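Sequence lines set the chain letters: A, B, ... in the order given, protein chains first and strands last, and positions in each chain run from 1. All heavy atoms count here, side chains included; hydrogens, waters and symmetry mates do not. Please read these numbers as outputs of a predicted model, since none were measured by experiment.
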Amino acid sequence: MHQLQVLLFASYAEAFGASSVTVAVPDPATVADVVGALRRLPGGDVLPDAPLVAVDRRYAPGVVHVRAGQEIALIPPVAGG
Amino acid sequence: MHQLQVLLFASYAEAFGASSVTVAVPDPATVADVVGALRRLPGGDVLPDAPLVAVDRRYAPGVVHVRAGQEIALIPPVAGG
Amino acid sequence: MIRTAITTSPIDAAALLAEVTTDATGATALFLGTVREVNDGRAVTGIEYSAYTAMAGEELQRIAKEASERFDGLRIAVEHRVGTLALREISVAIAVAHARRAPALETSRTIIEALKQRVPIWKRESYVDGDRQWVDPTTAHVSATAP
Amino acid sequence: MIRTAITTSPIDAAALLAEVTTDATGATALFLGTVREVNDGRAVTGIEYSAYTAMAGEELQRIAKEASERFDGLRIAVEHRVGTLALREISVAIAVAHARRAPALETSRTIIEALKQRVPIWKRESYVDGDRQWVDPTTAHVSATAP
């Protein structure tokens, strides 16, 4: 297991009560592992079935591997425009 | 036969050398009769097969009847915008 | 709300935007036609737009009215300029606002396409070499006239 | 030419129009998103836009770049504002110019649709009754949050 920091925004930041959280995930870990860990935290019940995740500022599907040092962010449903 | 005035614009005004012309057409006359008469005037060779005609400021097909007192105009290919 | 005009004055795009945008609209689409320096491979120095003004005004209003009937709550302002225009000046401005973006965008497009087909306005381009020609979109090139 | 920005300053639509329009362009399409007073049947007094600013800037640039590759000679300027906006203020402006109208109009539409799908920006509406809610387009209604 290792620790990864995940950035949170907007409604997710409110749900988790923080602008970032640290999750413990297997090493190596995938985006899906990160989402699973987030879902088990207090507030994680607000997450939809497949929340959007960005790795290093690009959307990344569940199968992508992530490691410490990457910028990982959980993206609520976007509402720009 | 009776006389009808026809308004001319842009390239057609140049071709006929006037901003309006008077044509002699059967009574009753149709838009097609007017176009036929215009085609026989000096400059009338520039007209395409089916030039646009407006009667009282609306496009009118060849079969429409026209009479003196109506505003009849020959419309070159439009190029607004 | 619909306002259409054939005008001899310079077109103020910002004024049209302000005219159609309200507290109830969430999307505004603006289309501008401007004079460009090259057409059909020739260097253009200016364009003279002329119109069958009375019919052009009525036809433009009919086009805007027809387009407005496809969606509720559209706000439409259209101006077409006539006279001599320099490079980069605005020849036509179509501003459409609506609560939602799709009606605003689609109506703007509907109006410019119909305007180009139906409004009796003509343009004569002036070229660097002093020549002038009427533009004929139906032949995809300009038709020669006396300079 | 492509310029995109996430900005905290009021958006100047006229400046974007001037930025993309040149002697070589003949058509300019502008899309504006503005704050409207009613959403989902509730009276809105203002909107707070927030962003994952670093990614939003990069994603907006990627969207504009992808859109620019469909036609040669496009000129694109896009700004999205963040912060607290009042009614009628501009949240997003997309200005696209091209020699011809179809590329300008289609590119403008492509960009706003992609922006709404992909750029990590969120909005929280404030209502007359003092409540505030995050807007969630995926559920077609707002999701309740603590006021």
Under-4.0 Å salt bridge between [X] and [Y]:
X        : Y       : value
D:Arg118 : D:Glu66 : yes
D:Glu58  : D:Lys65 : no
C:Glu89  : C:Arg81 : yes
C:Glu19  : C:Arg3  : yes

Among D:Ala24, D:Ala13, D:Ser91, single out the residue with the greatest number of heavy-atom pairs under 4.5 Å to chain C. D:Ala24
With chain D as the partner, which of C:Ile94, C:Val96, C:Thr22 has the greatest number of non-hydrogen pairs under 4.5 Å? C:Thr22
Top contributor to chain D interface from C:Thr25, C:Val92, C:Ile90, C:Val38 [non-hydrogen pairs under 4.5 Å]: C:Thr25
Flag the pair C:Val82 / C:Thr7 as yes when at least one side-chain heavy-atom distance between them is below 4.5 Å, and no otherwise. no
With only heavy atoms counted, which part of [X] is less than 4.5 Å from chain D, the side chain, the backbone, both or neither?
X       : result
C:Ala27 : both
C:Ala99 : both
C:Ala86 : neither

D:Ala104, part contacting chain C, at a heavy-atom distance under 4.5 Å: neither
Residue pairs passing the salt bridge (charged side-chain N to carboxylate O under 4.0 Å, His left out) test with at least one member in residues 22-38 of chain D, sequence neighbours excluded, are C:Arg88-D:Asp23
